[in-house]
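One structure below.
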Amino acid sequence: MSIKVAINGFGTIGKRVADAVDAQDDMEIVGVTKTGPSFGCGLAEKKGFPLYCTFDDADRISSFAESGYECQGGLSDLLAIADVVIDCAPGKMGADNLAKYKAAGIKHIFQGGEKHALTGQSYTSSANHADNLGVDGARVVSCNTTGLSRTLVPLYEHCGSLKVECTMIRRAADPGDSKKGPINAIAPVLKVPSHHGPDVMTVKPEIEINSLAVAVPTTIMHVHAIVADLPDGHGLTTESVLEMWRNTPRVIIMSGAGDRITTTAEVMEMARDIGRKWGDLHEIFVWEDGVKLNGNRLYYFQAIHQESDVIPENVDCIRAMMNTEADWRASVAKTDAAISAYYGL
Ligand SMILES: NC(=O)c1ccc[n+]([C@@H]2O[C@H](COP(=O)([O-])OP(=O)(O)OC[C@H]3O[C@@H](n4cnc5c(N)ncnc54)[C@H](OP(=O)(O)O)[C@@H]3O)[C@@H](O)[C@H]2O)c1
């Protein structure tokens, strides 16, 4: 039986999650919402995703037809035909939307713009898939927290303990966003520590981690500079850490010198070259020559494609919540193979 998935908010994250769900053979998109007519409605129509209005009032629903789009109804109509809703609304709208999902009695997944407390349950595929089996509500953590989890969880699982300090060098805005900045400054986040590192502990509480963050004038990726202290007797070398990550799903290791990928610009060019839609990179990119284990202290850099690393995690989270796949590695393999086939890669 196919899981019926609604997407509430068909923006940067919503349109990508819709494609990733559409790629799977065990789930289907039953509808996506927009607040009103705009060019994104044309994308939904082109993909064959039924279009609904974010709100239930008749005036807003009829405004779609005035602009030539076919709207099937309001959010309540969509929630009534779905098994699970993926909330992809802008951050901090969660409380209002949660009340609607609870009233409709539907399972719900929020994104990283919401706080852990909203659902009391956070998710990344590699860290805590099993904790989310059968739950009614969860939050797929942010792009930064997802990226940190991808490389830190396997390290933690090898070592049994881990203390981490990291600095998030954050993109100022998404490429399609004309409202945010800075465009000519470096802006330290003056809430210390920043929320990014500690947020890892919502999915893997055993990792001791703190972070600082700065926003820089770029739109294409975040970079993390990470220092991890491993316990005595860890038995690792720089090469064996790299080998561990090579065997970790959704992590790519490439060389700055050998592959001539020395900045995020080349990482994104490589993602476009390999044919990912929107130039996405679901994997976390680690520079081979930026990794160094010095005694018990590990240094590394990684780059995060903020618009897309969380996308396959939403698919795995659906399977956890619907209790259809208990093994996170099996879900990840199924999700990623289906996405590759969907895009003909
Ligand atoms: N962008 C990233 O890099 C990124 C990465 C990871 C996680 N996230 C998180 O993902 C979530 C969505 O972010 P985004 O970047 O996709 O935002 P976005 O591009 O601004 O898209 C938000 C979408 O939600 C719709 N919307 C507005 N108000 C709504 C409401 N009350 N209920 C439902 N939908 C509503 C908007 O509709 P219209 O199109 O009609 O205006 C738009 O389609 C946030 O929690 C964010 O923190 C974002």
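In each ligand, atom 1 is the first atom listed, and ligand 1 is the first ligand listed. Since we're looking at a predicted model, the values are computed, not measured. Sequential numbering from 1 along the given sequence is applied to the chain's residues. All values below come from the heavy atoms of this structure, side chains included, with hydrogens, waters and symmetry mates left out.
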Revision key, fill the gap. If we number the atoms of ligand 1 from 1 as shown, the ones under 4.0 Å from a heavy atom of Gly91 are 44 (C), 45 (O)
Review point. Should you measure from each heavy atom of Cys88, which atoms of ligand 1 turn up under 4.0 Å away?
Key: 12 (C), 22 (C), 23 (C), 24 (O)
Check your understanding: Which bit of Arg171 gets closer than 4.0 Å to ligand 1, counting heavy atoms only: side chain, backbone, both or neither?
Key -> side chain
Revision key, fill the gap. Atom 20 (O) of ligand 1 has as its nearest protein heavy atom Pro90 CG, 4.3 Å
Practice item. Output the list of atoms in ligand 1 that are nearer than 4.0 Å to some heavy atom of Gln111, sorted by atom number. Key: 9 (C), 10 (O), 11 (C), 45 (O)
Point to revise | Asn97 contact mode with ligand 1 (heavy-atom cut-off under 4.0 Å) | key: side chain
**Study point:** Atom indices of ligand 1, in the order listed, that fall short of 4.0 Å to a heavy atom of Phe10
**Key:** 43 (O)
Exercise for review: Return yes when at least one protein heavy atom is under 4.0 Å from atom 17 (O) of ligand 1, and no when none is.
Suggested key: no
Point to revise | Among Ala89, Ser38, Gly11, Cys53, closest by any non-hydrogen atom to atom 12 (C) of ligand 1 | key: Ala89
Review point. Can Met201 and Ile209 be said to form a side chain to side chain contact (heavy atoms under 4.5 Å, CB included), step by step?
Key: CA-CA 8 Å; Met201 292 190 273; Ile209 176 166; 3.9 Å; yes
**Study point:** Atom indices of ligand 1, in the order listed, that fall short of 4.0 Å to a heavy atom of Lys34
**Key:** 38 (P), 39 (O), 40 (O), 43 (O)
**Study point:** ligand 1 versus Gln306: contacting region, heavy-atom distance under 4.0 Å
**Key:** both
